[in-house]
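Let me begin by presenting the structure, written as structure tokens, before commenting on it.
A quick note: this is a predicted structure, and the numbers were derived from the prediction, not measured.
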Amino acid sequence: MSTVKVYVGMSGGVDSSLTAALLVEQGYDVTGVYMKNWTQDLPGMKCPWADDLADAKRVAVQLGIDFKVFDFQNGYKQKVVDYMIDEYKNGRTPNPDIMCNQEVKFKLFLDAALEDGADMIATGHYAQVQDGVLKRAIDDNKDQTYFLYRITHEALQKTLFPLGAMTKPEVRAEAEKRNLFTASKKESMGICFVGSVGIREFLGQYITTEPGEIIDTQTKKSVGQHDGAIFFTLGQRHGLNVGGGLPYYVVGKDMDKNEVYVTRDLNDKELWRKQVELSSLHWIDQKPADGQKLQVRMRHRASLIDAKLKGSTLILGEPQRAIAAGQSAVLYDGQVVLGGGII
RNA sequence: UGGGGUGUGGCCAAGUGGUAAGGCAUCGGUUUUUGGUGCCGACAUUCGGGGGUUCGAAUCCCUCCACCCCAG
């Protein structure tokens, strides 16, 4: 039988570098692909993508595999960046990385790879896949399934996650053992295209904002002014610039009035939810039964908590803090990722 | 220009003779793919101004200034 052709998404980090190395060792016909996503080139700001591309290429050369660059700038801008900006405009708090996986990595990239002759794709995600079923990674600490719940069953059938059974320290060690150029590269964080600018400044470039009142819900009085309600999300503490006494936390906002509501009460009802409505439900394999006992993760790296889904209402076993509209609830049945929805 | 009160870093606030707590905010770092949270660190040579007493004062005295309350 002929060898399976796998296209590996290489970001220039350790994880995807080792992913490619492992696949080569396992006998696959590997091609490295750097996805050129949309970035914002600001004067005076150094964009790391060029370095990442160079790193990815360097590793590919090291491994002796083919290397390509796929340009997804337009798709990425439309599906991820614009989505994010729109959500913020509507007063919500989106998760662009989930959208990036759904729309770019496991759609655009997958399609482009297949078109280019690949049989499968692979990425350095910490997750496991088995017969099109997504499962949590062995390394609980690194599990990235939260970001992957909106991938389709079909896409997963053509996907490999070679790192799913490894822990991060093992990955580092194996990368070092192979002298991969990226072995000790620092972990990347934050929204890639926003870079070091910060979400505030980024949004500020696409949306004109006006100052508005910050209102204490306990006293109903204004305690200060903000520079745009769009910049604040549920549970947020910093950036209000209001001093004195105890800290204030955002408990809500009114985009039309451009008002941000805050409280000093850590137990404020708005801050703790035990029930949330989900929309845009997505199931990888099949929908769980109504009322079935499940586990849910309300944010990346949060622990799994018991929950039940009735219709589109998610009932949590214990109250969760600062569950903002636009964020995702990802449902699990043990190790299996069922899918989830947007709050 | 009658009586009372207050004035400590951007904000709140300890400290009443012994050489400026703490909190909030802010800034930086960190939590190893979102927002946010949390955590760690930095942050007043100076206590409304000016004199004086004292070995030594934010703390005592004098005086000026500012603000608040009550009265009229």
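The local environment of NZ in A/Lys77 is crowded, with over 12 non-hydrogen atoms from other residues, nucleotides or ligands closer than 6.0 Å.
Taking the charged nitrogens against the carboxylate oxygens, A/Arg136 and A/Asp140 do have a contact shorter than 4.0 Å, which makes a salt bridge.
Taking atom CD1 of residue A/Ile214 and atom C1' of nucleotide B/C24, one finds them 13 Å apart after rounding to whole Å. Between the CE atom of A/Met298 and the C1' atom of B/U37 there is a distance of 15 Å, rounded to whole Å. Distance, A/Gln327 CD to B/G35 C1': 5 Å, rounded to whole Å. In this structure, A/Arg321 atom CZ and B/U37 atom P are separated by 8 Å, rounded to whole Å. For the pair A/His238 NE2 and B/G23 P, the interatomic distance rounds to 14 Å; values are reported in whole Å. Put simply, CD on A/Gln236 is 16 Å from P on B/C24, counting in whole angstrom units. The OH-C1' distance, from A/Tyr248 to B/C11, rounds to 11 Å in whole Å. Across the protein-nucleic acid pair, A/Arg237 atom CZ and B/C27 atom P stand 13 Å apart, rounded to whole Å.
At B/G38, one or more side-chain N or O atoms of A/Tyr249 fall inside 4.0 Å of OP1 or OP2 (strictly under the cut-off).
Spacing between B/G23 and B/A42 at atom P, rounded to whole Å, works out to 12 Å. Comparing the P positions of B/C24 and B/G7 gives an interatomic distance of 23 Å, to the nearest angstrom.
No contact: A/Phe232 has no heavy atom under 4.0 Å from any strand. Across all strands, A/Gly245 comes closer than 4.0 Å to base atoms (heavy-atom distances). No engagement by A/Ile98 is indicated, since no non-hydrogen atom pair under 4.0 Å with the nucleic acid exists.
Base-pair partner of B/A13: not found among the strands shown (Watson-Crick or G-U wobble, both distances under 3.5 Å). Partner assigned to B/G2 is B/C70, using Watson-Crick or G-U wobble distances below 3.5 angstrom.
Considering only the side chain of A/Asn241, B/U26 comes nearest among B/C24, B/U26, B/U34.
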Mind running salt bridge (Lys or Arg N to Asp or Glu O under 4.0 Å) on A/Arg92 and A/Asp86 for me, showing each step along the way?
-> CA-CA 9 Å; A/Arg92 296 159 60 81; A/Asp86 285 344; over 6 Å; no
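Ring geometry for A/Tyr7 against A/Phe70 counts as tilted: the plane angle lies between 30° and 60°, on a 0 to 90° scale. Ring pair A/His300/A/Phe147 is tilted by interplanar angle, where 30° to 60° counts as tilted.
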